[in-house]
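Following: one structure in structure tokens, then a few remarks.
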Amino acid sequence: MQGKRQVAVLGSTGSIGVNTLDVIARHPDRFGVYLLAASTSTQAMLEQCLAFRPRYAVMVDELAAQALREAMPGELATEVLAGQEELARLVAAEEIDVVMAAIVGAAGLPSALAAARAGKTLLLANKESLVMGGRLLMQAVRESGAWLLPIDSEHNAIFQCMPVEEGALPSLKGVDKVLLTASGGPFRTWTVDQMRDATPDQACAHPNWSMGRKISVDSASLMNKGLELIEACWLFSLEPDRVEVVVHPQSIIHSMVQYRDGSVLAQMGNPDMRTPIAFGLGWPERLAAGVAPLDLVATARLDFEAPDESRFPCLRLARESVAAGGTAMAVCNAANEVAVQAFLDERIAFMGIPALIESVLDRHGGGPGESLEALMAADAAARRSAEAMIEQGVGS
Ligand code: NDP
Ligand code: MG
């Protein structure tokens, strides 16, 4: 057992969670699974508990926790706990070395923050927690001495291309700007008229990546790139005008760093999240990830184009939120979460997503967002407004 790093996987039943456990299973000598957490997927969690035998399984949903407890075979020593607060308390456990934060949405902030405050190595997939509470999260990382390793493929690429001083976080030494690549999503070549009638299944059919439904819709609206722009600003202490979005449909270059002397460093690979996940788990070593080697001859070409903010207004809305500062980013994120769910439930149209976010931002603007309580309150108010606006027909 000596030397094994104990991992907590938050959002273990999701796309990133499953890929994380896939990488961990390839290195049983290096990693133990101490905690798994999800919301309602009891059956998937039971199977993961049987395979990885964690000390704790947390279901945020109480009923799901009860069902899991009843289904858990007696010979398994896994204790089942319930609720968000219990989860935030447990991630700080001394036994845990590494926390993979892969819950989807603002719901991931309290546990990611708890991991940062406890000084864990925090592998951050949950971009919404940075968008909502970037200042708090980065401050917690600095104060506790936690390691924050970005798992979002673009930010992981940027991390890999930034100058890193021995034992330090990436610095901006000699860096001119960051080139954040975007696939352009399934609607890259669609007209606004075509997008008006887009269905949830069409929005979730991403050309290169297989992901959960929320981030798939975000990729289709380009809000994913907007959230990632904000994420990059917090992670690397960048002003928004030093982050340039470049559409690159093949998703082979995962992002780039442009230096003062004209050099541009790119990180490339097949679009498979196991690469950034293995990078985070192994850092500073490189681990086998089960990812097929990149075949550049088969790829044949790499294309680039500018994003079209008139067809994809979400990118502009994210930019405006970061400029407004304070709680505006939390408001933008919450409005987007409600809008995406309403679109998936076929209550609003695809182009209703930016319309709804813009209306909510107009109403709430931004206030000071210094505490978790202020951010949660802004998040809740934005959600209430978004729901009320949907009822009034905004976005349909
Ligand atoms: P999924 O929808 O596939 O999975 C979400 C996970 O979060 C599930 O385990 C789900 O549990 C859990 N969950 C949902 N709501 C809650 C809640 N309220 N409390 C606790 N757990 C909850 O999402 P992805 O794996 O695609 O994405 C996860 C995060 O990673 C997102 O923030 C996304 O933006 C980010 N990301 C994902 C990428 C990808 O390739 N998928 C790439 C880059 C970033 P249950 O199954 O029980 O509902
Ligand atoms: Mg990404």
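Heavy-atom basis, side chains included; hydrogens, waters and symmetry copies ignored. In listed order, ligands and their atoms are each counted from 1.
Using a 4.5 Å heavy-atom threshold, the side chains of Leu10 and Val91 count as touching.
The hydrophobic side chain of Val18 is isolated, with no ILVMFWY side chain under 4.5 Å apart from it.
To the nearest 0.5 Å, the span separating CG on Leu109 from CG on Leu137 amounts to 6.5 Å. Atom-to-atom distance recorded for Thr327:OG1 and Asn333:CG is 12.0 Å, nearest 0.5 angstrom.
The aromatic rings of Phe350 and Phe187 stand perpendicular to each other, their planes meeting at an angle above 60°, with 30° marking the opposite boundary. His27 and Phe31 have perpendicular rings, their planes meeting at more than 60° on a 0 to 90° scale where under 30° would count as parallel.
At least one donor-acceptor pair closer than 3.5 Å links the side chain of Asp61 to the backbone N or O of Leu63.
Around the Mg ion (ligand 2), the protein N, O or S atoms found under 2.8 Å comprise Asp152 OD1, Glu154 OE1, Glu228 OE2.
For ligand 1, the 4.0 Å heavy-atom shell contains residues Gly11, Ser12, Thr13, Gly14, Ser15, Ile16, Ala38, Ser39, Thr40, Ser41, Val60, Ala102, Ile103, Val104, Ala107, Ala125, Asn126, Lys127, Glu128, Asp152, Met211, Gly212, Ile215, Met273.
In summary, the side chains of Asn126 and Ser129 do present a donor paired with an acceptor at a separation below 3.5 Å, with no hydrogens or angles considered.
In terms of the salt bridge (charged side-chain N to carboxylate O under 4.0 Å, His left out) criterion, residue partners of Asp193 (sequence neighbours excluded) are, by chain and number, Arg196.
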